[in-house]
2 protein chains.
Amino acid sequence: MFSVPTKTQYGIRALVHLARMEGSSAASAEIAKAEGIPPKYLEGILGQLKTAGLVHSERGKNGGYRLARSASDLRMIEIVEALEGEVKPVGCLDDSAVCAQGDCCLPRIFWVGLKGAIDGYLESKTLLDVIES
Amino acid sequence: MFSVPTKTQYGIRALVHLARMEGSSAASAEIAKAEGIPPKYLEGILGQLKTAGLVHSERGKNGGYRLARSASDLRMIEIVEALEGEVKPVGCLDDSAVCAQGDCCLPRIFWVGLKGAIDGYLESKTLLDVIES
DNA sequence: GTATATTCCTACTAATTCCATGGGAATACG
DNA sequence: CGTATTCCCATGGAATTAGTAGGAATATAC
């Protein structure tokens, strides 16, 4: 239950790698080799992280990726949401009047609470915390 | 991210239904109709809940299901684990020495913490909490 | 003891999501 | 110009989830 997709695990490991570069950049293929991540797959993952503004990139020879911010300023929830979208245990989290009958939406508050517990943890941790743990 | 399978949502709604029966039993088909759950699918779900000891059942005419314990004594984590297994964000939660190289297992502590946050919430809530929320 | 309502068991299919892979265009450096 | 890199789009296989189907076993009521 609640297993984390490889995409997210790969993404975090890639960011850990970048955080250790101390400001200099690393190429996708280089990270992939060091971390044991399928190279082509990682390209896409880094693309998503770039779109979300978590990393910067430079093309061409000597190009590569680097963190957009310091590791202490990168919250884990940003990373997770960039790669997999918002934490959303069930579809009807917001809308309290979806179901006309039955107990369909009764557990809604319960799921909202679960989202709160998960979000709270992910917001409390930064990339630096992960590296130093 | 972290979406809850329909099986678990259905299972919880079925238990909510049973909790409201005040001790008397309800047939699977009856619950399915009232809650808008595919009948044959619900049969299997109730079977799992029975195997886990969360409900009791009686066969034959006038048979059906009832809660094995009072709603205030049924923790939500029991229900989730009965239907989907243990909360396990990543595979290598226990073994701290799985990965020989790379940053594969560095984030382990982070995932252990996430499991703790989720488990903590699910342990703190009972079926009665869900009904009364 | 027969009809009926129910759980219980096993297997199967359909749909969806996850996990990549492939080919090549655009860009930058030397 | 040659090479290393990001970037973009499409495709395919694997795994999981979701739901169906058929019928055996069991209990009740008449």
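Residue numbers begin at 1 in each chain, while the letters A, B, ... track the order of the sequences. Every value quoted in this text rests on a predicted model; they were computed, and no experiment measured them.
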Integer-rounded Å distance: dT17(D) P and Lys7(B) NZ: 8 Å
Classify Gly64(B) by what it touches in the nucleic acid, base, sugar-phosphate, or nothing, heavy-atom distance under 4.0 Å. sugar-phosphate
Ile45(A) CD1 to dC19(C) P, in whole Å, measures 9 Å
Measuring only between side-chain heavy atoms, which start at C-beta, is Val80(A) closer than 4.5 Å to Met1(B)? yes
Return the value, rounded to whole Å, for the distance between atom CZ of Arg66(B) and atom P of dT6(C). 16 Å
Whole angstrom is fine here: how far is it from CZ in Phe2(A) over to C1' in dT17(D)? 15 Å
Given Glu78(B) and Arg69(B), is the salt bridge (Lys or Arg N to Asp or Glu O under 4.0 Å) satisfied, shown in steps? CA-CA 12 Å; Glu78(B) 296 182 273; Arg69(B) 289 177 253 149; 2.9 Å; yes
Is there a side-chain contact between Leu15(B) and Ile12(B), using heavy atoms and a 4.5 Å cut-off? no
Can you name the nearest heavy-atom pair linking Ala19(A) to Ile131(A), along with the distance? CB-CD1, 3.3 Å
Across the strands shown, which category fits Glu43(A) at heavy-atom distances under 4.0 angstrom: base, sugar-phosphate, nothing? base
For Gly60(A) and for Lys40(A), locate the closest nucleotide of DNA chain C by heavy-atom distance; then report the residue assigned to the nucleotide nearer the 5' terminus. Lys40(A)
What's the closest nucleotide to the side chain of Pro38(B) if the choices are dC8(C), dT20(D), dT3(D)? dT20(D)
Does the side chain of Tyr65(A) get closer than 4.0 angstrom to OP1 or OP2 of dC7(D) through an N or O atom? yes
Under 4.0 angstrom between Lys50(A) side-chain N/O and dC7(D) OP1 or OP2: yes
Does dC18(C) have its OP1 or OP2 closer than 4.0 Å to a side-chain nitrogen or oxygen of Thr6(A)? no
Take atom CD of Gln48(A) and atom P of dA20(C), then tell me their distance rounded to the nearest Å. 14 Å
Is Tyr10(B) close enough to dT17(D) that one of its side-chain N or O atoms is under 4.0 Å from OP1 or OP2 there? no
Figure out the CD1/P separation between Ile31(A) and dT5(D), and round it to whole Å. 11 Å
Measuring to OP1 and OP2 of dA29(D), would you say a side-chain N or O of Asn62(B) lies under 4.0 angstrom away? yes
Tyr41(A) side chain: which of dT21(C), dG30(C), dA18(D) is closest? dT21(C)
Any heavy-atom pair between the side chains of Lys125(A) and Ser133(A) that's under 4.5 Å? no
In whole Å, I'd like the distance from the CG atom of Leu83(B) to the P atom of dT16(D). 18 Å
Donor-acceptor pair present, Arg59(A) side chain and dA26(C) base, under 3.5 Å: yes
Distance check: side-chain N/O of Ser28(A) vs OP1/OP2 of dT5(D), anything under 4.0 Å? no
Could you state the atom-to-atom distance from CG of Leu49(B) to C1' of dC8(C) in whole Å? 15 Å
